[in-house]
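Since the model is a prediction, treat every value here as computed from it, not as a measurement. First the proteins, then the strands, lettered A, B, ... as listed; each starts at 1.
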Amino acid sequence: MKTYRIHALVCAGTQCLAAGGNGFKDALVEELKQHGLTEEVLIVETGCMGSCQLGPRMVVYPEGIMYTRLSPEDAKEIVEEDFLKGRPVTRLLWKQDEKQFLTLHETPFFAKQTRIVLRNCGFINPEDITECIAQGGYESLARCITEMTPKDVIKIIKDSGLRGRGGAGFPTGLKWELANKQISDTKYIICNADEGDPGAYMNRSVLEGDPHSVLEGMAIAGYAVGAQKGFIYIRAEYPLAIKRLEIAIKQARMSGLLGKGILGTNFSFDVELRMGAGAFVCGEETALINSTEGKRGEPRKKPPYPVESGLFGKPTVINNVETLANVSVIIEKGADFFRQFGTDKSPGTKAFSLVGKVNIAGLIEVPLGTPLRTIVFDIGGGIPEGHTFKAAQTGGPSGGVIPAKHLDIPMDYENLPQLGAIMGSGGLIVMDETSCMVDVAKFFLKFTVDESCGKCVPCREGTRQMLNILEKITSGLGTMEDLDLLEKLGNVIKQTSLCGLGQTAPNPVLSTLRHFRDEYIAHVKDKVCPANVCSMKAKK
Amino acid sequence: MEKIKSIDELRRLKEQSQAFLKTRQKDVKVKIYISVDKEENTNASRDVLLAVLDELKERDFSDFQIIEKAPMGSDIKEPFMALERDDLVIYYSNITPNMAREIIVSHAIKGQIVSDWVSKRSNL
Amino acid sequence: MSELLNVKIDGKSYQFHKGDTILKACKQIGLDIPTLCYLEGISEEGSCSLCVVEIKGIKTLQRACITEVAEGMEITTNSEAIHEARKTNLELLLAHHPLDCMTCDKDSDCVLQDLAYQFGIKKSQFLDEKDTFSCPIETAWDTNLFIQFDPQKCILCRCCVGACENQAVVEAIGIAMRGYKSVVSTPFNLALEQTNCQFCGACVQACPTGALIEKPRIGKGKIFKFKKTETVCAYCGVGCNLALYKDKNDKLVMARGVTNKEPNRGRLCVKGRYGYEYVNSFERLTKPLIKEDGIFREASWEEALDYTANRLLEIKEKYGPDSIGVLGSARCTNEDNYIIQKFARAVVGTNNVDHCARLCHSSTVTGLGKAFGAGAATNPISDIENADVMFIIGSNTTETHPVIAQFIKENKKKRGAKLIVCDPRNTDIAKYADIFIQHYPGTDVALLNAMMKIIVDQELTDKEFIANHTEGFENLLKALENFNLDDASKITGVDKKLIEEAAIVYAKAPNSMIFYTMGITQHHVGVDNVLSIANLALITGHIGKEGNGIDPLRGQSNVQGACDVGVLPDVYTGYQMVTDEFARKKFEDFWKVDLPKNTGYAVSQFGDLTLEGKLKAVYTMGENPMVTEADVRHVKESLGKLEFLAVQDIFLSETAEIADVVFPAKAAYEKSGTFTNTERRVQLLRPARNPSPSVKDDWKIVCEVATRMGYSMHYKDEEMIWNEIREITPSLKGITYERLEENSLQWPCPDEAHPGTKILHYNGSFKRPNGKALISGVEFHPPIEIPDDKYPFILTTGRMLFHYHSRNETRRVKVLENFVPENFVEVNPEDAEDLNLKNKDMVKIRTRRGEIVVRVKISTKPKKGVIFVSFHFSETNANILTINALDPEAKIPEYKACACAIEKF
Amino acid sequence: MESEKIPAVDKEIRKWGTKHESLIQVLHGTQESLGYLPEEVLTYIAKKMNVSLSKIYGVVTFYNFFKLTKDAEHVITTCLGTACYVKGGEAILNALCNRLDIKPNEITKDGRFTVRTVRCVGCCGFAPVMVVDGKDIHGKLTPETAIDILEKYM
């Protein structure tokens, strides 16, 4: 077997590529050629490594030295100094608070994280199944189908307390159990990879960095519920994730880890990709089913729930990417291992994309229940340029804001709703005092107005009216009655919308009204935007 | 890519694949330190490194990492290499490519320290 | 019976069936839940959000329309939160809806308006005046004649889309765009008439607001000024229940399908929806006319009736009763028709009584009569949903029986049933087929024999059924013995494999149902064709149970009934043979008169008989043979030779024009009485308007003539006639007007406790004397005329959706006439290229009998070598071309195939 | 039907089959080849896949991804995801539109450029972000750098 003394892991996540990662990689390849090192140094293109704001990044093993903000010009120096002489190029190292960190593990960004879902992201070549297998990939599946009954599998998942990471937090084991009990010749597993919340890219990172973990999770789910076919419904906006998934599926099929008679057992399971086409509502599971069936992505009535009658009218389990990526770890290490992270009711970890006004934006994974303060200040390095934390927004357009006074709130499925926010899929947007909360609410509402499927009245017409009122307020024409009307209308939309999108669409408005009512009042009464964002047409 | 037909085959493949990933792992049997401190020794050190790599390849030994880091002060006579095995670090200095090959065969692979050339030893 | 569940609604305990929605449950206990978007079976998406209720334990409000009751459920239907939610959602809808009820045609026929009233919304708090009252944008509905769409009034409830998708199964319109930009649209906003829309208007009927409306209704008044009458459609044999609305001037202004009633369950086609207008026409005959010196003059009823009676008596005296021919009509009621055949037999004393069933389904009556002992459709229309395979042969169902086509498409779409279509033309229904066989006109026996050969060879026959319920199978085997599939392929012009596939699919399915129409019957081998179809059903056992059988789709509103009440030369009512001594005796006793013993002549023989001098007078009720008979020039020539021709009609038809006397009659929508539809369903007609006081019921005119001829005929009303029919007709005995007021009934219905008969020959008990069906050996005979060098094309004729019969009605319906104002000939693109023809070129079509000049429509519908012309247009009458080659038994002419030439004009 | 467009459709239909559920995938592939979805192509797909044209039209107009008209030579997509939004994505959008003298979603008169918005490209760490021609992602923009990038394509 060929061995390389240096493994240079270049992040090939979308963000690092966007930041010019490809240019750096090409320069590196060229330099290696120039110095005759191609036999000694292996370049591995990995998925996202996390601290995206510092990209493009590269980690050089065996030492694990992490280089940040790379440009093509840096390749020569790295090769000559580090690869040839073993001298780290210090100017490219991670610097924070006047400290310099040689490896990722030493950084405060990494220190408070626990990586289960992201265990392989940034560490393996996602386009090579053997690297995944080396990390224990597919061993859980193998154990499930050779040593365990579907009921055993469901029991472990139930015991682990794993909850759906797509937003609502429905217990995964229970969903599987319900699907397992359905009597049907055909059942389906759908992986919801239609990560739609603006400002969220956890799922994409997993798919780009460790696609096999999702495929394995799907196959285990298939075994548990009695399904032989899985679909991954993925946003068309994620071309790299699609490409890596296509490669992963192909390799898994060729290795006999997907397809007929997996590992010589009589369990068969195969996975197909279905591309979405740009509709946020397709993240809603019944809309997603319609879209997978080639129709307009409009939600269906529930009940029947997908576990009873889903894709093509058959029992269907829909799990999100992150949920599925947890599965093989739980099988491998047991429910108790999983339960040592997180809280009693929200066990395990959660990936967040920490973005916005924060020093180190990026992809993180922390135990559930980690206080918001730890995430923003310890991991994210606080607010840049001397600004102050004003609020964090979770759950995207369905979510709400957490104001500064609640910075110590544990981030889990129980505590967030108490503040009118939701966990959501993991988008975490940090805002400082330069953000106007009315404007932020308007931003989200504009989003839902655009993305409403238009089927039911409260969502189609109601959100539009709410937006009208917000526009009135942000241009200084609002009245105090408008604030009441917003609340009243918001409640009717929540109460009577057909699907989750509509039922949560008013949340950003209701939540900002709750925590930042004074800002609304300033817009209405004083005709002033305290953050100086809104162009108030009418001045007092 | 061939079809994996049983859980045992999967485990075998896992072991094989892990060997390939040794460079990235924490635990390896042998860590080989080769570093250059003085610019004039660059070429000689590089010859040692290439000899080491060649010998490891020849012997089909993969449970190692090569770390380009000087674990000692600057007074060491280069070319230099150190070998970490069984919780013990052995330093060899002033070596030639041929010496390096022997160190690999004898010490790295068989676990027998080439005592004649040892310049220093330390427990981890 | 399904499980009963205990449910509390507003604090009270009830029991409901499992599967019932909350909406249905509330309805059952008399609770009114507001809905805008819910239409059972059409639109059940829960989009309007008005029917929301509270369910204990669920945080959000739930939609009553799509939520099923569950055991122990506690429902509140009238809390403040519910009221608030409903009102708010209603106001959201009213934010963009113009508040122009005072000028809206749908005023007080509008659910949105009702709800706004109910919730006391004067003006929506969200009203966007600019949006609401700005000029509406151009829509795809602007250029058509039938339907208007006002997008501003549209509340996106999707009822119209549901109706188009689930009722019409056309999918011409859909929801396009997304979110608040959503709009009901045709694809690419194409003009509606450029889509596959068939203008059935189901969308209009489904619309709860003024967004969609029938264009002819606009400006005719508001619904509370109209009077509504439920009656039966007067067009095809489906017999749709429709509600007609008249204004204060006694003009019909609107039609709606009657929901929840068989056979149409609320559906209509374009003619049902719009085709009532002719009734209002100023061209209606109002006075009796007598021809003097070739010119009509108005006459009093007395004079015209006396004149007619005298002339008929004279001719009868001079030439004998058989010199008079009498025509009933498939467009008249059972009562009218009973009277006219009684008039022929009892008053004139001849069995020369016939009607246009001769020209459409006489082969069926003869053929199925022979095979099964009864010549009517075996299974009800509602049974379509039980069929796994639907086999259509020789039927352009979408255009001729639109509502049945809708049910067929629905069964395919919703239940995945397979559809096989065999037709020389690639018709609309063929486009929906899983297997489409495009065979040459007149090669049906070859095709069907080929199918049966495959079925027999592959042992797909139902041996038990053949053994227990049939006889004559050996004759069929013999006929098939030397039959060669390659020959069949050559004769029909169809790939062998396709025939095989069709045969296997039909034979193997648990339930297979056959539909056919004129493509089968209108051949000189019409009876053979029908017998072959019967053979196919019999050898596979696909008859005598739900979802099986043979449904010949009858073409006219009461063609089944006219046959049932004996307007045929060989039978009295209920198919009692005139040659049967016992039957004749019964009728003689009943009518108290001696009756002729010989079978009469068929209408298709009248022409030749006249020329031979055997027929001297014809009395016609509502028929128009001058357009509809084959080789019509020959008919014209012969009818001109008659000594006397009397016509009862509503318009001065082509036949009336050459009559000696014309009586103005009531139109079907002005009549009481009964129609019997294609599935033997007897339905009650109710007058939807009062005609001019000077027109009379058809039966009344005949009675008056009869009485004047010395046979007293007096009836109080239609019911009295019907009761007389019942008395002498065992199969109709149990059907009383009183029962019909409640619900329609299918014959046979022998007594008043009998529920009627949905399926004939149930469990293989056939109506033939020995209870067994007859399988016949049928051999293929080509059409009388086959193409040659001089006449190289095959001409086939038929109907189109927008016109009817000789167009006497539809030409007087503005929207229909304007939509298809002239005849055309369909030419295959390949032929068109060979002939150097372009769309809209004028061409001359010649046959051995005559020629017409007509416009070209290049179309992929006809097969290469075949052209198609509709028969509706007297100006360019296809029947100038057709051949009067008659089936030897059924005497039906071969309308469907003759040789012709076509050249650029 | 313009003959050169048929093979692209046929290829997709061969790949995905004619079952209704393949519609969106066939549309994706077709658009990938042709750049947009012309009416006659959709009519052809309707016939081939036995789906009504109104259904296809409904699907095509539902999803942001599908285009019924030919696109500009260069499509610049500015991200208005939350992260980009709070970091000034709208200013980037306005700068580009002003430079090209068009409104969002309009195509320049010469047909060379259009500026669209997208709800998130998932490059939140580099906000604000824009994407040129669906592949070149540029992050940490200011209105000035955005214009500089645009100029390179002009």
Interface residue of largest heavy-atom contact number with chain D, from [options], under 4.5 Å:
{"options": "A:A361, A:C52, A:S353", "value": "A:C52"}
{"options": "A:G356, A:G362, A:G297, A:S435", "value": "A:G297"}
{"options": "A:M431, A:K295, A:E237", "value": "A:K295"}
{"options": "A:G199, A:A277, A:A18, A:P198", "value": "A:A277"}
{"options": "A:F444, A:Y238, A:F312", "value": "A:F312"}
{"options": "A:L17, A:D439, A:D432", "value": "A:D439"}

Between [X] and [Y], is there a donor-acceptor pair closer than 3.5 Å when you use the side chain of the first and the backbone of the second?
{"X": "A:E293", "Y": "D:E21", "answer": "no"}
{"X": "A:R296", "Y": "D:G58", "answer": "yes"}
{"X": "D:Q25", "Y": "A:M275", "answer": "yes"}

[atom1] ([X]) with more than 12 external heavy atoms under 6.0 Å:
{"X": "A:N532", "atom1": "CG", "result": "no"}
{"X": "D:K48", "atom1": "NZ", "result": "no"}
{"X": "D:D101", "atom1": "CG", "result": "no"}
{"X": "A:E272", "atom1": "CD", "result": "yes"}

Measure across [X] and [Y] and return the closest heavy-atom pair with its distance rounded to 0.1 Å.
{"X": "A:C282", "Y": "D:Y63", "value": "SG-CE2, 3.8 Å"}
{"X": "D:G81", "Y": "A:F443", "value": "C-CZ, 3.7 Å"}
{"X": "D:W16", "Y": "A:R274", "value": "CZ3-NH1, 3.2 Å"}
{"X": "D:H28", "Y": "A:A236", "value": "CE1-CB, 3.6 Å"}

A side-chain contact here means heavy atoms from C-beta on lying under 4.5 Å apart; do [X] and [Y] qualify?
{"X": "D:K87", "Y": "A:K357", "result": "yes"}
{"X": "A:E298", "Y": "D:F62", "result": "yes"}
{"X": "A:S291", "Y": "D:I24", "result": "yes"}

Query raised in the report: From D:N64 CG over to A:D450 CG, what is the distance, rounded to the nearest 0.5 angstrom?
Result: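 One finds 8.0 Å between CG of D:N64 and CG of A:D450.
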Residue part contacting chain A, namely of [X], when any heavy atom lies under 4.5 Å:
{"X": "D:Q31", "result": "neither"}
{"X": "D:V121", "result": "backbone"}
{"X": "D:H20", "result": "both"}

Query raised in the report: Between A:Y201 and D:C123, does a side-chain contact (heavy atoms from CB on, under 4.5 Å) hold up when you go through it step by step?
Result: CA-CA 8 Å; A:Y201 58 96; D:C123 281; over 6 Å; no
Query raised in the report: Can you list the steps and then say if A:I429 with D:V86 is a side-chain contact (heavy atoms from CB on, under 4.5 Å)?
Result: CA-CA 9 Å; A:I429 295 121; D:V86 301; 4.3 Å; yes
Requested in this report: Select one option (side chain, backbone, both, neither) describing which atoms of A:L363 are under 4.5 Å from chain D's heavy atoms.
Outcome: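 Answer is neither: A:L363 stays 4.5 Å or more from chain D.
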Query raised in the report: Under a 4.5 Å heavy-atom cut-off, does chain D meet the side chain of A:V533, its backbone, both or neither?
Result: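 Nothing of A:V533, per the 4.5 Å heavy-atom cut-off to chain D.
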Query raised in the report: Taking non-hydrogen atoms and a cut-off under 4.5 angstrom, which of residues 136-154 of chain D neighbour chain A?
Result: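 Residues of residues 136-154 of chain D touching chain A at under 4.5 Å: D:I137, D:K140.
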Query - Option that, when pairs with chain A are counted at under 4.5 Å, heavy atom only, ranks first among D:C124, D:S22, D:A83 - result: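 Heavy-atom pair counts peak at D:C124.
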